[in-house]
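Worksheet for the structure shown next.
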Amino acid sequence: MEPSREEKIWQVVFAIPPGCVASYGQVADMAGLGRQARLVGRVLSQLPDGHALPWHRVLRSNGQIAFPEGSERHLQQVALLQAEGIDAGGGRVAMSQYRWQP
DNA sequence: ATCATGACGCCCG
DNA sequence: CCGGGCGCCATGA
């Protein structure tokens, strides 16, 4: 039984180290799923309870947080990023500075 | 089967 | 910066 696409995505996200970020597209690519960034977003939106995935380290390709500014999710994500020393001011992160590249 | 929606991405004007 | 279009995939009506 080979890992499902979901499991591959989980594994990639889980591997993103603290203080670093990755884009949905990057995750999809690293999971061997090509340009299925959308699938990554869907999977992260339906994570089971009790997961330990650093979902907050996944952003849009331009460094923007995927949630509408002001929403609860958005605020939480900014807080989690700041807690790792990532400047997420304006709901935006400088990818060139924090991008994760193994 | 079709249509719309969604934590996306890239290209063009 | 702001729209509009197209590609991609899973879900649900």
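Every heavy atom of this structure was used, including side-chain atoms; hydrogens, water molecules and symmetry mates were not. So that the names make sense, note that chain A is the first sequence line, chain B the second, and so on, each numbered from 1.
- Regarding Tyr24(A), its OH atom lies at a distance of 12 Å from the C1' atom of dG9(B), rounded to whole Å.
- For the contact set between residues 46-57 of chain A and DNA chain B, defined by any heavy atom under 4.0 Å, the members are Trp55(A).
- In this structure, Leu44(A) reaches the bases: a heavy-atom distance under 4.0 Å links it to at least one base atom across the strands shown.
- Separation of atoms CD (Gln26(A)) and CZ (Arg99(A)) is listed at 4.5 Å; rounding is to 0.5 Å.
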Original post:
Yes or no on side chain to side chain contact (heavy atoms under 4.5 Å, CB included) for Trp100(A) and Val21(A), after CA distance, side-chain angles and deciding distance?
Top reply: CA-CA 6 Å; Trp100(A) 172 47; Val21(A) 297; over 6 Å; no
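- Residue pairs meeting the side-chain hydrogen bond (donor to acceptor under 3.5 Å, both in side chains) criterion with at least one partner in residues 65-83 of chain A, sequence neighbours excluded, do not occur; the list is empty.
- Think of the region where chain A sits on DNA chain C: with heavy atoms and a 4.0 Å cut, that region ends 5' and 3' at dG7(C) to dT11(C).
- Between dA10(C) and dA1(B), the two P atoms lie 14 Å apart (nearest whole Å).
- For Leu80(A) and dA7(B), the CG to C1' distance is 14 Å, given to the nearest whole Å.
- Nearest nucleotide to the Arg42(A) side chain, out of dG9(B), dG6(B), dA7(B): dG6(B).
- Remark: Phe14(A) CZ to Ile9(A) CD1 distance equals 16.0 Å, nearest 0.5 Å.
- The CG atom of Leu53(A) sits 9.0 Å away from the CD1 atom of Ile16(A) when rounded to the nearest 0.5 Å.
- The CD atom of Gln11(A) sits 10.0 Å away from the CE atom of Met30(A) when rounded to the nearest 0.5 Å.
- Using a 4.0 Å cutoff on non-hydrogen atoms, no part of residues 83-102 of chain A comes near DNA chain B.
- Nucleic acid contact class of Ser61(A) (heavy atoms, under 4.0 Å, all strands): sugar-phosphate only.
- Comparing the P positions of dC3(B) and dC6(C) gives an interatomic distance of 15 Å, to the nearest angstrom.
- Scanning both residues, Pro48(A) and Trp10(A), for their nearest heavy atoms gives CD-CZ2, 4.3 Å.
- Ser45(A) and Arg42(A) get closest at one heavy-atom pair: OG-O, 2.6 Å.
- Atom CH2 of Trp55(A) is separated from atom CG of Leu80(A) by 5.5 Å, given to the nearest 0.5 angstrom.
- With both ends at atom P, the span from dG7(C) to dT2(B) equals 16 Å, rounded to whole Å.
- Taking the salt bridge (charged side-chain N to carboxylate O under 4.0 Å, His left out) definition, one finds that Glu84(A) meets it with Arg57(A), sequence neighbours left out.
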Donor-acceptor contacts, no H, no angles, side chain residues 87-95 of chain A, under 3.5 Å, sequence neighbours left out:
unit_1	atom_1	unit_2	atom_2	d
Asp87(A)	OD1	Gly89(A)	N	3.1
Arg92(A)	NE	Asn62(A)	O	2.7
Arg92(A)	NH2	Asn62(A)	O	3.0

